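Inspection log for the structure reproduced underneath, given as structure tokens.
First the proteins, then the strands, lettered A, B, ... as listed; each starts at 1. Note that the structure is a prediction, hence the values are computed from the model and not measured.
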There are 2 protein chains.
Amino acid sequence: MTSGSTPSPLMEASDIGLVEQAMIDIRAYIRAKRRMPGAVLPSEIALAAHSGVSRPVAREALRGLSTLRVVDIGHGRKARVAMPDASSLSVILDHTSYTGKLSIQQMLDVRRTLELRTVLLATIRRSDADATALLSVVQQMHAALEEDQNTIMKLDITFHEVIARASGNLLYSILIESFRVITRQTWGIGWRARATDDNRLGSILCHENIANAIMAQDAVRAEAAMNAHFDSAVNVLLRAGIT
Amino acid sequence: MTSGSTPSPLMEASDIGLVEQAMIDIRAYIRAKRRMPGAVLPSEIALAAHSGVSRPVAREALRGLSTLRVVDIGHGRKARVAMPDASSLSVILDHTSYTGKLSIQQMLDVRRTLELRTVLLATIRRSDADATALLSVVQQMHAALEEDQNTIMKLDITFHEVIARASGNLLYSILIESFRVITRQTWGIGWRARATDDNRLGSILCHENIANAIMAQDAVRAEAAMNAHFDSAVNVLLRAGIT
DNA sequence: AAACATCTAACTGTATGACCAAATAAAAAA
DNA sequence: TTTTTTATTTGGTCATACAGTTAGATGTTT
């Protein structure tokens with residue numbers, strides 16, 4: 001707002017660029033005006049004037065904020081405050097994995113830590129709809145055992161996301177959903193490493209155990225089953241040379 | 001030159017804009033060319049030509065990628081592949097918290113889940129440097145007990161980040177460091193809720209217990225001490241009306 | 001007259017091009 | 001080796017054309 005009156009506060013520039021400053025201004029605007037997800041923001045021109053910058057700068061700021069899913073932009077309509085989701089974190093995780101600074105086993109360690117908690121929370125707090133949804137996914141996995149592996153992979157990923165959602169904590173959902181991209185890259189290796197049909201059926205029964213424990217609201221069994229599930233996943237990948 | 005010929009051989013225009021397509025292209029380029037953190041990317045003009053878009057579009061794509069810390073941009077120098085860090089996730093978490101979809105207690109639940117694991121890993125894997133660094137932080141907390149609370153807060157945050165780093169898993173570090181912004185917003189409330197000096201000293205001794213357990217490589221004691229630390233934090237904030 | 005659907009016009013973001021300034025990095029000179 | 005110069009590259013601005021969205025106005029139907 002200070003920059004609104006004087007377009008060139010040279011000594012205020014410090015070390016960050018105008019775009020980054022505009023991003024800060026927009027975030028401050030959202031807070032100051034108590035704008036919640038879905039609320040519309042001023043137009044690019046108005047935002048630019050508000051920060052005392054040109055329209056392209058405001059555009060870049062909006063673009064940056066939209067990649068973080070802080071705002072939602074679209075052709076022809078004003079920017080709106082966005083609902084947080086996993087997509088941006090997904091890209092960050094993907095890049096972290098790509099750089100080699102995070103191994104698959106390390107990522108699985110984080111996933112296990114998170115999911116041992118979500119399965120416990122889900123067991124305690126689950127709704128009946130959550131339980132039936134979970135059992136339905138397992139049912140579909142059994143049915144898809146003969147079909148292509150892609151269907152089972154999608155069901156596997158969904159299974160864990162349903163549990164996370166049943167935990168009632170959005171942050172767990174976002175974190176666990178963000179692993180989806182990396183999981184897709186290694187899931188096939190684990191599945192192919194389970195050579196026999198018995199082994200593959202065992203993997204599905206593992207999910208069934210978890211679902212049944214959540215249905216029965218048996219916290220101890222649910223945690224144990226989830227632990228066994230991750231132990232199995234870690235070992236299978238290890239045997240395939242994935243460290 | 002772009003409008004004359006078909007810039008992209010594919011008909012994948014679908015529903016995403018040119019900027020988002022350019023972001024995908026740049027990420028694909030990094031992977032295809034095996035560019036690791038620190039490696040320079042082609043100039044904006046080259047990138048724009050590569051994706052068949054104008055320079056402003058390439059600029060916005062680079063800006064979006066830089067907010068995710070996938071690339072690192074700077075005035076006068078070419079964009080480089082960036083090392084993943086917590087800053088982008090920090091903004092996402094901040095926004096998630098602001099929208100009210102994530103309560104402070106829920107955030108603390110995630111933190112506790114994460115840190116119960118990092119303290120165990122740190123206890124097992126710590127280097128001598130990690131242990132002395134931890135004890136040094138506790139030492140400084142004692143010394144700063146009389147000074148302003150801001151110093152103690154910074155030391156508190158550093159304490160947890162050092163443990164995360166000692167875990168040897170970068171993802172834990174990124175996740176835990178990303179809580180810094182939100183922690184800053186509520187730490188003062190917890191500190192002021194600890195009215196008496198005895199209570200405040202107890203909080204510091206709590207950190208000392210954790211540090212000593214890590215130093216002694218006593219996993220059971222370390223986990224118990226961390227649990228007690230979070231129990232205390234939860235209760236203090238609860239008494240202050242922070243749900 | 002009131003409710004509904006349709007259409008048009010104003011508004012807004014998308015994309016491009018050219019331009020200048022500032023900062024960097026590389027080449028040249030000391 | 002150090003300093004200076006030069007070329008390259010990004011940061012930022014402006015003007016323009018284009019393509020969607022939205023909302024108001026219009027007209028029709030109930």
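Using a 4.0 Å heavy-atom criterion, one finds that A:Glu44 contacts the bases of the nucleic acid, with or without backbone contacts as well.
Of all non-hydrogen atoms in B:Arg184 and B:Met153, the two that sit nearest each other are NH1-CE, 3.3 Å.
Between B:His160 and B:His207, the ring center distance clears the sub-6.0 Å criterion.
Between A:Arg77 and A:Ser54, the residue whose closest nucleotide on DNA chain D is further toward the 5' end is A:Ser54. Nearest-nucleotide positions on DNA chain D for A:Leu18 and A:Gly76 put A:Leu18 closer to the 5' end.
Between B:Leu41 atom CG and D:dT10 atom P there is a gap of 10 Å when expressed in whole angstrom units.
At a cut-off of 3.5 angstrom, the base of C:dG17 holds no donor-acceptor pair with the side chain of B:Arg59. Under 3.5 Å, the side chain of A:Arg55 and the base of C:dT14 form at least one donor-acceptor pair of N or O atoms.
No more than 12 heavy atoms of other residues, nucleotides or ligands lie within 6.0 Å of CD in A:Gln139, so this atom counts as exposed by the packing criterion.
Of the listed nucleotides (D:dG12, C:dG17, C:dT14), C:dG17 has the atom at the smallest distance from the side chain of B:Pro56. Among the nucleotides D:dT9, D:dG20, C:dA23, the one closest to any side-chain atom of A:His75 is D:dG20. Minimum atom distance to the side chain of A:Arg63 is reached by C:dT14, of the listed C:dT12, D:dG12, C:dT14.
Geometrically, A:Arg31 engages B:Tyr98 in a cation-pi contact, judged by NZ or CZ lying under 6.0 Å from the ring centre and within 45° of the ring axis.
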